[in-house]
Structures are given as C-alpha cells and as structure tokens.
Protein chains: 4
Amino acid sequence: MMFLKFHSLDENKQQRILNAAIKVYVQKGYDLASTNEIVKEAGISKGLLFHYFQNKKTLYLYVFDYCMGLVVTDFYEKVDMQEPDFFERMRHINLVKMELLNRYPDLFRFLESAYLEMSSEIRPEFQERLKKFSESNTDQLFAHLDTSKFKNGLDIQKAIKSVLWTFEGFSAEVLGRAKAMQLDQPDYEAAYKEADAYIEMFKRCFYK
Amino acid sequence: MMFLKFHSLDENKQQRILNAAIKVYVQKGYDLASTNEIVKEAGISKGLLFHYFQNKKTLYLYVFDYCMGLVVTDFYEKVDMQEPDFFERMRHINLVKMELLNRYPDLFRFLESAYLEMSSEIRPEFQERLKKFSESNTDQLFAHLDTSKFKNGLDIQKAIKSVLWTFEGFSAEVLGRAKAMQLDQPDYEAAYKEADAYIEMFKRCFYK
Amino acid sequence: MMFLKFHSLDENKQQRILNAAIKVYVQKGYDLASTNEIVKEAGISKGLLFHYFQNKKTLYLYVFDYCMGLVVTDFYEKVDMQEPDFFERMRHINLVKMELLNRYPDLFRFLESAYLEMSSEIRPEFQERLKKFSESNTDQLFAHLDTSKFKNGLDIQKAIKSVLWTFEGFSAEVLGRAKAMQLDQPDYEAAYKEADAYIEMFKRCFYK
Amino acid sequence: MMFLKFHSLDENKQQRILNAAIKVYVQKGYDLASTNEIVKEAGISKGLLFHYFQNKKTLYLYVFDYCMGLVVTDFYEKVDMQEPDFFERMRHINLVKMELLNRYPDLFRFLESAYLEMSSEIRPEFQERLKKFSESNTDQLFAHLDTSKFKNGLDIQKAIKSVLWTFEGFSAEVLGRAKAMQLDQPDYEAAYKEADAYIEMFKRCFYK
DNA sequence: AATGAATGAGGCTTCATTCAT
DNA sequence: CATGAATGAAGCCTCATTCAT
C-alpha cells in the first residue's frame with residue numbers, strides 16, 4: 001500500500017530509522033519530538049524521512065503499528081490459550097509480559113508512552129486503533145475459561161475486570177517505583193513474585 | 001504571594017480566564033495548548049495573560065492548584081472520615097465523587113488530563129504536587145479503618161489497593177463509554193449503582 | 001517648561017525616581033532597561049512615570065541632564081580657572097575629578113555608561129548634547145593658559161589634545177583594572193599618583 | 001565545526017547575509033538589531049538565518065570573528081615588524097590602518113561598534129575574545145623596539161601608552177568629524193598627514 | 001495625583017514540510 | 001534514491017504606552 005517504498009529499503013536502514021523514531025518519541029512524546037532529531041539520530045537526511053513517510057503523524061502511526069505488531073505476535077504465540085483456569089492464565093500472561101518487557105524494552109516503552117499520548121493531533125486516529133485492539137484483546141485473551149470455580153452468584157465479568165484493573169494499576173505502580181528510584185528498568189523478577197501474591201489473594205477470595 | 005494581582009481582578013474575568021485555560025488545556029494538552037487560543041477564548045489580550053501569569057507553565061500550575069483546591073476542599077468536607085468500615089467508606093467516597101463530577105465536570109476533566117500530562121516541561125514540578133497530594137490522599141482517606149472484618153491472613157494493603165485500582169479502572173470505563181456514546185457526561189446515577197455492585201462483590205469476597 | 005510637574009513633586013519621591021532610573025539604566029543600558037523595573041525600584045506606579053515623563057527617551061535624557069548638571073556645576077565650582085599653567089590646571093582637574101568620582105559614584109557611572117550608549121533610539125538626540133557640552137568643556141577648561149612655557153614651534157593644540165586623550169585612556173584603564181579585579185571602585189588615591197607621573201612626563205617633554 | 005553549513009553555502013549568499021548583519025548591527029547595536037530586519041535586508045527567510053546560526057548571539061559572534069579575521073590577517077601581513085624605531089613603526093601602522101579603513105569600511109565600522117557594545121547578553125563571551133586579541137595585539141605590535149633613543153629616565157611604558165591613547169583619541173576625532181560633516185568616510189589622506197604631525201611632535205619631545 | 005489593568009506590536013526561535021539539485 | 005537549503009506560520013514572551021477609575 002503506502003509503505004512499499006519503505007519496506008523495499010535496506011533492512012539495516014529501516015531499523016535505524018525505526019529505532020531513532022522510537023527513541024525520540026519515547027523521550028519527548030509526539031509533539032515535542034522533532035523530525036530534525038529523528039533524522040539526526042537515524043543518520044539520514046531530512047528529505048528522506050518525508051520521502052518514505054508522508055508526514056510526522058504517518059511516521060508515528062507506522063511506528064506504533066510496527067511495535068504493536070511485533071509485540072502482539074510474540075505475545076499470542078507464547079500465551080497458552082488452552083489453560084482453562086482464569087488465574088493460571090493470568091499468571092501465565094504476567095510471565096509472558098515480563099519476558100516481553102525484558103526482550104523489547106524500547107518497544108514497550110514506546111507503546112506505553114503511546115498509550116498515554118495526549119496530543120490532539122494524534123489522538124483521534126489513535127484511539128481507533130487502540131479500541132480495535134483492546135476489544136479483541138480482552139475478548140480473545142479470556143475466552144473459553146472454566147468459570148465453574150468462581151463462587152456461586154459472583155458476577156464473573158466484574159471479578160475478571162477487577163483483576164485486570166488491579167494488574168493495570170500494579171504495572172503502573174511498578175513502573176512508577178522504578179522511575180522514582182531512577183532505575184532504567186524495574187526488577188521484573190520481584191514484580192512477578194508480587195503479582196503472584198495478588199493472584200493468590202484473588203484466587204482465595206473469588207474462588208469457592 | 002504571586003497571584004495577588006490575579007485574585008484582585010474582577011471575579012467574572014477571573015472565571016473567564018480560568019475557564020478558557022481549562023478548556024484549551026483539556027482539549028490540547030499542555031504542549032499544544034497555545035496561549036493564543038487561550039486569550040482568544042477568554043476574550044483578553046495576549047499581554048494581559050502574561051501580566052497575571054509569569055508564563056505558560058505558571059498558568060498551568062495555577063489552574064491545577066485552583067481545580068485541585070476546589071475539588072479537594074469539597075471532597076474532604078463531604079467525606080465522612082468517621083466511618084470505620086472500609087467498604088462503607090468506599091461507597092461514600094464514590095457517592096461524593098459522583099456529586100463532584102456532576103458539579104465540576106470541567107475541573108474534573110482538567111484534573112484527569114493533568115494526571116496524564118506527559119510534557120517534560122510540566123512533569124517535574126508537577127510530580128511533586130501529585131505526590132504530596134496522593135500521599136495525604138490515600139493515607140488520610142483510609143486511616144483508622146476497622147481491619148478486623150477482613151478474612152484472616154489477607155494482605156490488607158493489597159486488598160485495599162485492588163479495590164482502589166478497580167475503581168480507577170471503572171471510572172475510566174465509565175468516562176470512555178460516555179465518550180463513545182457522544183454523551184457530554186456519563187450517567188452518574190447508573191454508574192453509582194454499578195460501583196455499588198463492585199463493592200458488594202468485594203465485601204462478600206474479602207470479608208470473613 | 002516640560003518638567004514642571006516633576007519638579008513640583010515631593011523632593012524625596014523625585015530622588016527615588018531618579019535613583020531608580022540611574023540604577024537600572026547603569027545596570028542594563030538604555031534598551032534593556034525596562035520601565036517596569038524602574039517603577040518597581042522607585043516604588044511608584046507605571047502610570048505615574050509616564051505622567052511625569054512623556055516616554056522612556058525623555059526620562060533618559062532628563063536623567064542625563066540632571067547628572068550632567070550636578071556634576072558639571074560642582075566641577076566648575078571647584079576647578080581653579082585662574083591657574084595659568086596647563087599642567088598645574090590639569091593636575092587640579094584630575095584631583096577634582098577624583099573627588100567627584102568619590103562623591104557621586106552612581107552619577108558618574110551613569111554618565112560613563114551614557115557616553116557609551118549605542119542605542120539608535122537615543123543616539124541622535126544624545127550626540128547633540130554631548131557635542132554642545134564637550135565643546136564648551138574643552139574650550140572653557142583650557143582658556144587663558146600661559147602657553148609660553150611650551151617648547152618653541154610646538155603645535156600647542158595637538159600637545160594639549162594628546163594630554164587629554166592620554167588621560168581619557170588612562171581613566172578607561174583605571175576603570176578596566178578595577179573591573180578586572182572585581183573592585184566596586186578603583187583605588188583613586190593610587191590612580192591620582194599615577195596620573196601625576198604622566199603629568200611630570202609630559203611637563204618634562206613638552207615644556208622648554 | 002559549527003559553521004560548515006554556512007561555509008558550504010553559495011559565496012554570494014554568504015556575503016549577502018554577512019553584509020546585512022553587519023549593516024544592521026552597526027546601525028542599531030546588538031540588542032535593537034532585529035533578526036527580522038537582517039533577513040529582510042539579506043533577502044532570505046526567517047528560518048534560513050536560524051538554519052545557519054543557532055541564534056542571534058551566535059550570528060553576532062560569527063560576524064565579529066569574520067571581521068576580525070579578515071582585518072587582522074591583512075593587518076599583520078602588512079605591518080613591518082622588523083622596523084626597530086617606535087615612531088617609524090607607529091607611522092607604518094597608521095598607514096596600514098588607513099588602507100584597511102579604505103578597503104573594509106563596513107567591517108571596521110562593525111568592529112568599532114562591537115568594541116563599544118554594552119549588551120549584557122553579548123559582553124561576557126565577547127570580552128574574552130577581545131582580551132585574547134588585545135593582549136597579543138599590543139604585545140606583539142610593539143615588541144623588539146629600540147628603546148635607546150628615548151630620553152634618559154623616561155618611563156617608556158607610559159610614553160608608549162600616551163602615544164597609543166593619543167591615536168585612539170585622534171581616530172575617534174576623525175570619525176566624529178566625518179560623521180558631523182555627513183561624509184560617508186573620513187578623508188583618510190588628510191588624516192594620515194595630521195597623524196604624522198602628531199608623530200613628529202612626539203618624536204621631537206620623547207626622543208633625546 | 002496616582003494606580004495598574006489592558007493593549008498589541010514586535011522580538012527570538014522552532015518546526016514540519018517542500019523542492020531544486 | 002538522497003540531500004539539505006529554504007520557507008513561513010506559529011509559538012512564547014516582553015515592553016512602552018494608554019486609559020478608566
């Protein structure tokens with residue numbers, strides 16, 4: 001479609017451009033990320049960037065799709081969708097997440113920052129992509145569960161949401177603590193253990 | 001201190017300026033919010049804005065403090081800090097929140113957007129304010145609870161955090177649904193009832 | 001004429017305004033001196049300044065005339081115009097200068113800075129004043145000299161000019177040295193002695 | 001280093017930009033010289049100026065170095081440093097100066113105005129350059145002189161300084177007279193002759 | 001007389017984007 | 001393909017000056 005030109009480019013240079021864009025977007029956010037800085041970081045000329053990408057927005061969205069693609073592919077490959085027990089699956093998802101965070105720290109950082117991106121220039125087009133993704137996400141990720149173990153009369157949708165939101169909050173807390181301690185990355189090992197404690201708690205409380 | 005000039009201004013005009021700033025900041029986020037747009041919206045000259053506020057950052061922080069001040073004052077006035085039962089207190093907090101959301105929809109929207117503000121220009125000074133606030137917030141809001149009703153052996157800190165994160169997530173969901181349905185405001189009545197269902201669930205599961 | 005309003009003002013306040021203006025003009029130079037800073041320093045309102053002085057330029061020129069007036073009056077009062085010997089008169093002038101520098105350090109600093117003022121807004125009107133003054137200055141200051149002691153055939157105008165320029169250069173050197181050593185004021189005592197050495201040299205060389 | 005971009009530019013356009021900057025800086029001084037005026041004069045866009053020069057200050061300093069470079073190179077190439085007689089060397093220096101003034105009238109005007117530049121934004125970085133230059137200047141220019149011809153017991157440092165200050169003053173006088181007569185340039189021929197008369201006077205008085 | 005709110009032009013600088021080479 | 005010179009709108013902010021009170 002639109003990015004044929006870019007894809008037919010020397011793979012090495014493709015990477016340089018993508019990494020440069022990721023780095024700068026993560027550091028500055030969409031608005032303050034200047035194409036100047038990106039091309040300098042990538043070691044290419046100003047003109048070339050706009051030869052491959054119509055404009056700044058297109059580049060951002062492309063980078064987003066690229067990161068999402070990589071991460072999601074890996075993610076779904078690794079998550080065991082056969083596991084019928086919700087908490088076991090949750091535990092597994094946490095594990096895979098940690099692995100991916102370790103493996104693609106930059107991509108994740110970018111996706112994370114993209115998720116918080118406020119720029120009104122990017123938001124509309126962006127929200128769409130996120131919604132489409134997160135729908136399939138939650139639905140697929142937690143389909144075909146064995147709900148029989150939950151306490152009788154419990155609203156299982158609500159219970160699951162609580163757990164998911166708890167882990168969202170917990171992730172933010174972990175990242176926040178790491179930032180507060182000036183660490184480049186959180187201690188994922190420890191985080192995983194703490195996450196497990198939450199799982200055990202929920203299991204004890206939500207299951208019969 | 002510094003804002004005497006502004007405070008001694010015609011109350012009507014103060015409001016016009018604050019509302020204009022809130023509106024533009026919410027719409028665009030800090031970086032993209034242009035002072036040009038703010039003054040146009042407020043119907044004042046460029047110079048006047050900087051007569052009252054040293055610079056864009058100062059204005060933002062002032063608006064934040066203003067909103068926070070109003071909301072927080074009202075909030076703590078209304079929350080019953082004597083209630084020893086965690087879930088009753090939570091329920092009460094939810095109620096008060098809904099009332100405030102109804103009363104100050106714009107201020108809340110601003111505070112919410114401020115909470116997500118990534119701009120590196122604003123973050124440092126901002127984080128400080130947030131930390132100071134959120135410390136007193138969570139600490140005071142949930143001090144002197146009767147923890148004896150929780151299941152034995154439960155990590156009460158974790159339990160409370162789960163509940164808080166759940167309501168954070170739930171709030172976001174409610175706002176998101178409203179936005180998706182193009183409503184100007186969520187149906188707070190309904191939301192309050194749904195929140196209550198979450199509380200009942202947690203009560204049943206976390207209490208003895 | 002124009003400054004009647006100002007002159008009929010409480011003497012104390014007049015001084016406050018003048019001193020404030022002098023201070024700020026010396027610190028910043030004409031262009032960067034902001035009327036804001038001046039009124040703050042003087043403790044008066046913005047409007048009042050422009051009530052008394054049409055505009056910034058008028059104020060500057062008024063301050064200049066004020067300083068020049070004070071200094072010049074004192075200067076001519078003290079210089080002994082009867083002394084017929086050029087070098088004795090020169091020596092005396094140096095002495096009086098030092099006294100005045102000690103007495104009116106701020107006024108002098110202002111006059112000095114005014115002399116170097118480049119601002120194209122001020123220059124034209126200013127140059128005029130300077131020329132008018134320096135003509136009468138040099139002429140009057142060195143009228144009625146006993147020129148018979150100079151070496152025969154010497155161009156006395158040139159000789160005198162050399163001496164004057166030498167002392168101009170020497171003054172600049174003294175000020176420069178003081179600034180380089182971070183002193184607030186030069187050591188006028190020492191400077192006077194060194195100036196005397198120059199006089200002796202010239203006397204020996206230019207006189208018969 | 002930093003100005004490669006500018007140097008690799010069409011020589012013609014380089015000149016247009018430099019001349020425009022020189023012209024405006026001379027006319028207005030640093031602070032009042034507006035980049036707007038410079039680009040209009042140079043016939044380029046606002047953006048381009050900042051494409052080549054980080055900011056206004058950098059441009060000024062570049063222009064200064066450019067002028068200084070040109071003038072100084074030419075100057076030292078032409079001054080005969082072998083001449084052991086102080087006054088002969090002085091005479092030669094005057095001659096070379098006049099030639100340069102004729103050849104680079106604008107550059108000189110700029111350097112002269114730069115020397116008086118008071119702007120606190122420019123001064124610090126600037127003083128450094130001047131000191132470095134003037135040290136080598138006076139020292140080198142008057143090294144290896146035959147001092148045996150001076151009158152016995154004369155403080156030769158003082159004598160030389162007098163002569164230098166005299167010529168500083170004389171230069172200012174010449175420029176001032178030209179400006180007063182609305183000439184674009186002084187009559188250098190006449191000035192050179194008058195300078196010679198000063199030299200003869202000093203020679204007669206300071207030498208044995 | 002005195003205040004200080006209000007103005008708006010103008011200052012420097014950044015930046016996405018285009019285009020001739 | 002690739003470059004980087006060139007553009008000009010837009011951003012934040014300052015400042016002398018005016019004017020209603």
Side-chain angles (χ1 to χ4, degrees), chain A residues 5-6 8-10 13 30-40 43-59 121, chain B residues 4-6 8-10 13 28 31-39 43-59 121, chain C residues 5-6 8-10 13 30-40 43-59 121, chain D residues 4-6 8-10 13 28 31-39 43-59 121:
Chain A
K5 267 194 265 180
F6 182 66
S8 67
L9 184 57
D10 172 22
K13 199 178 256 182
Y30 176 76
D31 291 322
L32 274 71
S34 96
T35 51
N36 256 337
E37 210 168 338
I38 293 174
V39 299
K40 216 193 306 174
I44 61 167
S45 76
K46 203 80 183 285
L48 197 54
L49 189 69
F50 287 91
H51 180 66
Y52 289 123
F53 300 97
Q54 238 173 12
N55 51 35
K56 198 184 170 185
K57 202 202 290 184
T58 304
L59 170 63
E121 208 153 344
Chain B
L4 289 180
K5 262 195 256 177
F6 183 67
S8 67
L9 181 59
D10 173 20
K13 199 178 259 184
K28 305 279 179 95
D31 288 321
L32 273 195
S34 99
T35 52
N36 269 336
E37 208 167 341
I38 292 174
V39 299
I44 60 169
S45 75
K46 202 79 192 284
L48 193 55
L49 188 68
F50 291 95
H51 182 63
Y52 289 121
F53 301 97
Q54 252 173 1
N55 49 37
K56 196 183 168 185
K57 202 201 292 187
T58 304
L59 170 61
E121 207 152 343
Chain C
K5 267 192 266 179
F6 182 67
S8 67
L9 184 58
D10 172 21
K13 200 178 256 184
Y30 177 76
D31 291 322
L32 274 72
S34 96
T35 51
N36 255 336
E37 210 169 338
I38 292 174
V39 299
K40 216 192 306 175
I44 61 167
S45 76
K46 204 81 184 285
L48 197 54
L49 189 70
F50 287 92
H51 181 66
Y52 289 123
F53 301 97
Q54 238 172 10
N55 52 33
K56 198 182 169 186
K57 202 200 291 184
T58 304
L59 170 62
E121 208 153 342
Chain D
L4 290 181
K5 264 196 257 180
F6 183 66
S8 67
L9 181 58
D10 174 20
K13 197 177 259 184
K28 305 282 180 91
D31 288 322
L32 273 196
S34 99
T35 52
N36 268 338
E37 209 168 340
I38 293 175
V39 299
I44 60 169
S45 76
K46 203 78 190 285
L48 193 56
L49 189 69
F50 290 94
H51 182 64
Y52 288 122
F53 301 97
Q54 251 172 3
N55 50 36
K56 196 182 168 186
K57 201 203 291 185
T58 304
L59 170 63
E121 205 152 345

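Proteins get letters first, then strands, A, B, ... in listed order; numbering begins at 1 in each.
Across all non-hydrogen atoms, the minimal contact from A:Leu49 to A:Ile44 is N-CD1, 4.1 Å. In terms of heavy-atom proximity, C:Lys56 sits nearest to C:Tyr30 at NZ-O, 3.0 Å.
Rounded to an integer number of Å, the gap from CD1 of A:Ile44 to C1' of F:dT3 is 11 Å. Between B:Phe6 atom CZ and E:dA6 atom C1' there is a gap of 15 Å when expressed in whole angstrom units. In this structure, D:Lys28 atom NZ and E:dG10 atom C1' are separated by 12 Å, rounded to whole Å. D:Phe53 places its CZ atom 16 Å from the C1' atom of E:dC12, with the value rounded to the nearest Å. Following rounding to the nearest Å, C:Lys5 (NZ) and E:dA2 (P) show an atom-to-atom distance of 11 Å.
Backbone-only contact: A:Lys13 has heavy atoms under 4.0 Å from sugar-phosphate atoms and none from a base.
Of the inter-residue distances, the one linking D:Thr58 atom OG1 with D:Tyr52 atom OH reads 15.5 Å to the nearest 0.5 angstrom. Atom CD1 of residue D:Ile38 and atom CG of residue D:Leu59 lie 5.5 Å apart, to the nearest 0.5 angstrom. Taking CG of B:Leu9 as the reference point, atom CG of B:Leu48 lies at 7.0 Å (rounded to 0.5 Å).
For DNA chain F, the stems formed by at least three consecutive Watson-Crick or G-U pairs, with both atom-pair distances below 3.5 Å, span E:2-21 with F:2-21.
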Under 4.0 Å protein heavy-atom contacts per nucleotide of nucleotides 13-21 of chain E, with B for base, S for backbone only and - for none: BB-BBB---
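B:Lys46 meets the side chain to side chain donor-acceptor pair (under 3.5 Å) test with B:Asn36; sequence neighbours excluded. With sequence neighbours left out, the side-chain contact (heavy atoms from CB on, under 4.5 Å) criterion links C:Leu32 to C:Lys28, D:Asp31, D:Ser120. Not counting sequence neighbours, the partners of C:Phe53 by the ring-ring contact (aromatic ring centres under 6.0 Å, His included) test are C:Phe3, C:Phe6, C:Tyr62. Applying the side chain to side chain donor-acceptor pair (under 3.5 Å) test to C:Lys57 and every residue at least two apart in sequence or in another chain returns C:Glu125.
When each of B:Glu37 and D:Leu9 is assigned the nucleotide of DNA chain F with its nearest heavy atom, D:Leu9 is the one assigned upstream, toward the 5' end.
The side chain of D:Tyr52 places an N or O atom within less than 4.0 Å of a non-bridging phosphate oxygen (OP1 or OP2) of F:dA6.
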